[in-house]
Every structure is written in structure tokens, then in C-alpha cells.
Amino acid sequence: MGIILILGVVGDGPAWDDWRHALNQAFLIFPIHALGDGFLELCKNYMVALVFRRYDIESYKHPLASDLLGRHFTALFLVGVAALIINVLIECHFLRRLWQRVERLLDCTYRRELDKLGLLKLVNIQSIFKSCVATGEAVRAENLWLAYRRGYYAVRNVYFSVQRGECFGLLGKNGAGKSTIFKLLTGQLQPDVGQIYFEQPGISYCPQSNPLDPLLTTTECIRFYGRLRGIRDLDPFLDRVLDTYELRPYKDVQVRNLSGGNRRKLTVAVTCCGCTPTVLMDEPTSDMDPVTRDMVYATIEQLLLARRAVVLTSHSVSEIEHLCQRVAVLRAGQVIASDSPQRLKSEHGGYYSVTCFCGPAQQAILSRSLSQRLPGARDLQHYAHSLRFLVRIRSPGSLGDAPLLSELFAILRDVCVNVARFSLSRCRFETVFERILDSSESNGSNGVHKDQQQQDARKDLPSKSPAVGGTLETGYIHCGYEETRT
Ligand SMILES: Nc1ncnc2c1ncn2[C@@H]1O[C@H](COP(=O)(O)OP(=O)(O)OP(=O)(O)O)[C@@H](O)[C@H]1O
């Protein structure tokens, strides 16, 4: 319409008029143009009639007169009918069938089938490689590196393997890289370097945020995931899940109307169904009350009894300590310690937490005497009515500066003269976790020494065939985060 108006303004002469007329007729196949031009014709008709009426000439045409809007109505009708016919053809799959026939004639389908077969072969070969886990091993990660942005690695040099029937914990502060490792394991992200091997038929994943369809009811959700996991007898499975997780009162409630805790329970329940050898659980007990948490613990126990491997993250250190046979502590995407909770405790623990109940004045005196009598006392924390500190003790028969437990009692009796009472307790795993992070920080494994660390890590990387397992030096690197020599 704009083009025609411009031609009307700038063009002067019969040639321009012919162009304008031809375009006007041609554009009638566009319904918007037909409608707009129709309104323009009505306005022109009205204004011309007003002018001629002054000279007593009646030139007004009725809007339905065929020479005023006839071609617009005809164009709109024909376009409408054509659109209707095309719609019917699409709905009846006629066009698809026609295209298939043409494809067959042109032999495209045959070539596509060949491509599919090639792809299938590739996937088969990949799955043979992917299932290269040792006997009893459910999942293995080798030398994983991933950078979200150039030069900053969210995951660095991560190795671990999890056996069937074992619960493996990933511990780390916020942003340590736990969820990123899970995304690598599930294939949501491709590692820049490294390989992941897992036992078929694959991995179940309970992500940090509940991925359930909000419009499905609880029952529909359980049935859907059950079918997805290949469970044949869905009714007993549904009953079992509803009863185990106490979800029966909400069986017809849509997921979007469930409480946060119930939604989490449902996510955990549908993750654990099926028979995948590995189950990844990213903070499964977040938003849950203590009773519900126990249900999840029981579920994890059952998974382990069924010889499935569980990889678990949680911000509850005690939860990890009690559920996991082995724990990896992550800091800035790197595993800084990995062992059983007991071994980590004995290696980084051996600490006792001492609380002396006294006022601020006595606390000042006590601090002075502690620095003389107990130089190993650390992390002194002053509160209104107590002073707390950590002290490492040595086990009988071992050598070192740390006191024996009996010696510690004797020292405390001597220094706590004006103290109402004191209490002594063995450090919890939380403290061990903090100590591991602290010691890695003081050893320089933080962002400040990143380059040095990366160089050290490169030295540690295994020399493997570049085609199978990569290193920063030789392996394949996605997204061009690092230059490679090969
Ligand atoms: N999509 C993204 N784009 C860029 N950076 C990201 C992205 N996702 C995560 N990161 C960064 O990667 C690092 C690791 O994040 P990740 O979510 O794996 O940590 P996390 O240990 O799971 O943390 P949390 O305990 O809080 O869940 C963080 O520094 C984070 O900011």
C-alpha cells in the first residue's frame, strides 16, 4: 500500500498510472492490502460525492456496487477459499504424502536411510566406548575440564569412579562445581577435555531444580516416568510410590499446586524408578522436613542394596558423612581431597572443640594462659558467656607436639581457674570439611595461584592416546577455550 501511495505522489504520467494500477491489482492477493485498499476506495467515493453534490450531480456509489469494491470482495473470497483448501490438505496429511511420493521419486529417502544407518553405526561404536567401565564400576570420570568462559574453569582435572552399591558424595561450597560435574555426567554439557564412562543403560538424574511438568498430576507424573523407564506393571509401581512417599492425598493434584517439599519428593521418587546403574542426586533433601528426609535416606539405602551407584551432593555435611562411603571435597572445580569420611576425619581431624564458660574478663586471662600452655589452640572464638577453640590431640603411641587427651584435660584443669565449667567434644565432619578447605587455601590452591596450579595439573595429566582421552596439551578441546598443540 505504501509503495502504491508513493508511486501516486512521485509518479506523473500514464506510465506511472499503469504501474500503480497493475501493482494494486497484483497486491489484492494479500488480504490486508485488499481490505486497506477497499477502505481507501470508500473514502475516495465519499469525498468525490461531496464535491459533485455542490454541482447537483449525484455520483455516490453504494459500497456493495460491483464497480467500487467488487474486485476486493472477489480477491478476498478467492484467497479465503485457497487458504481453506491448503489447510484441509495439511490436516489430511495430503501434502506430506505428496512430498513423500516426490522424495521417493527423487530417491532422497533411500539416501536418508543410508545416513541414518551410518549414524546408528556411529552411536553403537560410541556406546561401546562409553560402556568401557571396569567390572563392578558404574561410572568413571577421567580428567574432566570445563570452562563456561574463556580461561575460567568451573571444573578442573576431576577424576573419580563409583562402584555399584556405593554412595559417593561431592562436597563443596556454593559454586564449587558440583552441579556442573552432574551436567557433564548426564551429557547436558560436553567436557572441554576428558572422558566419562558409564555402565548402560545409563544414568538417572535428580537435578537441583525440579524438572517436572507443572500441568501433570502426581499420578500422571509417576506413570509418565515409569513408562519412560520401561516399567511394565505401572499400577503396583504407582501404589508403591504414593505410599512410600506419602503422596496419596495429592495423587490428583497438579505438580504446580504441590508444596515445595512434596514436589521434591516426587522428583526423587521418579528419579529412582527403573534400573539405571547410576543415580545422580543433586541436593535431593533441599526443602524437606526431617521426616521426609528420612524417606530419601531410606530410598538411597534401597538403591545401594539393589547394587546401584549413587552420586550425591548436599549442603548438609552430616548427611554426606552418614550416607556416603567415599567423599570428594571440591574447591573451585578441583578435587582437593577424596577418601572415606572416616579416613578424612583421621587425616584432617583429630581435633577437639573446647568450650570454656566464663565472662569476657576471664576470657582475656584464659587466652593469655592458653598461648603459653596450649600453643596448638586455634580458631579462638569469643562469645558473651563462653570462649571456644579447637585443639588437635595426638593418639597414644604417636609422636608430635600435640598433647594426649589426658594431658589436654590436665592443662585445661590448670588454666580454667576462674571458669565455671568447660566442655570437650570431638570435632564434627563439618569442621573437618572446613579444615580441608582451609588447608588447601593455605597451600595455595586458590584462584591467586591459578596459572601455577594449571601448570602443575598439566604435569599430573596422564599421557594417553589423544584420540581416547584428552589432556589440555593434546586432547580435543571444545569451543576454542584453549589452544592445542595438535
Ligand atoms: N551457565 C553458566 N554460565 C556461566 N557460568 C556458570 C554457569 N553455570 C555455572 N556457572 C559457574 O560455574 C561455577 C560452578 O557452578 P555450579 O552450579 O556447578 O556450582 P555448585 O557447586 O553446584 O553450586 P551450588 O552448591 O550453589 O549449587 C560457578 O562459579 C558458577 O558461577
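Whatever order the structure lists ligands and atoms in, that order sets their numbers, starting from 1. Given the structure is predicted, the values throughout are model-derived calculations rather than measurements.
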Taking only residues two or more places apart in sequence, or in another chain, which ones meet E166 in a side-chain contact (heavy atoms from CB on, under 4.5 Å)?
-> V162, Q163, Q325, R326
side-chain contact (heavy atoms from CB on, under 4.5 Å) against Q342, all qualifying residues, sequence neighbours excluded | S340
Residues, nucleotides or ligands: over 12 heavy atoms within 6.0 Å of R248 CZ | yes
With D414 via salt bridge (charged side-chain N to carboxylate O under 4.0 Å, His left out) - residues at least two apart = R373
Neighbour list for ligand 1 [protein residues, heavy atom under 4.0 Å] | Y148, Y152, A154, K173, N174, G175, A176, G177, K178, S179, T180, Q208, E283, H315
Does one side chain, of T299 or Y245, offer a donor that lies under 3.5 Å from an acceptor on the other?
-> yes
Indicate the ring-plane relationship of Y205 and F182, choosing parallel, tilted or perpendicular according to the 30° and 60° boundaries.
-> perpendicular
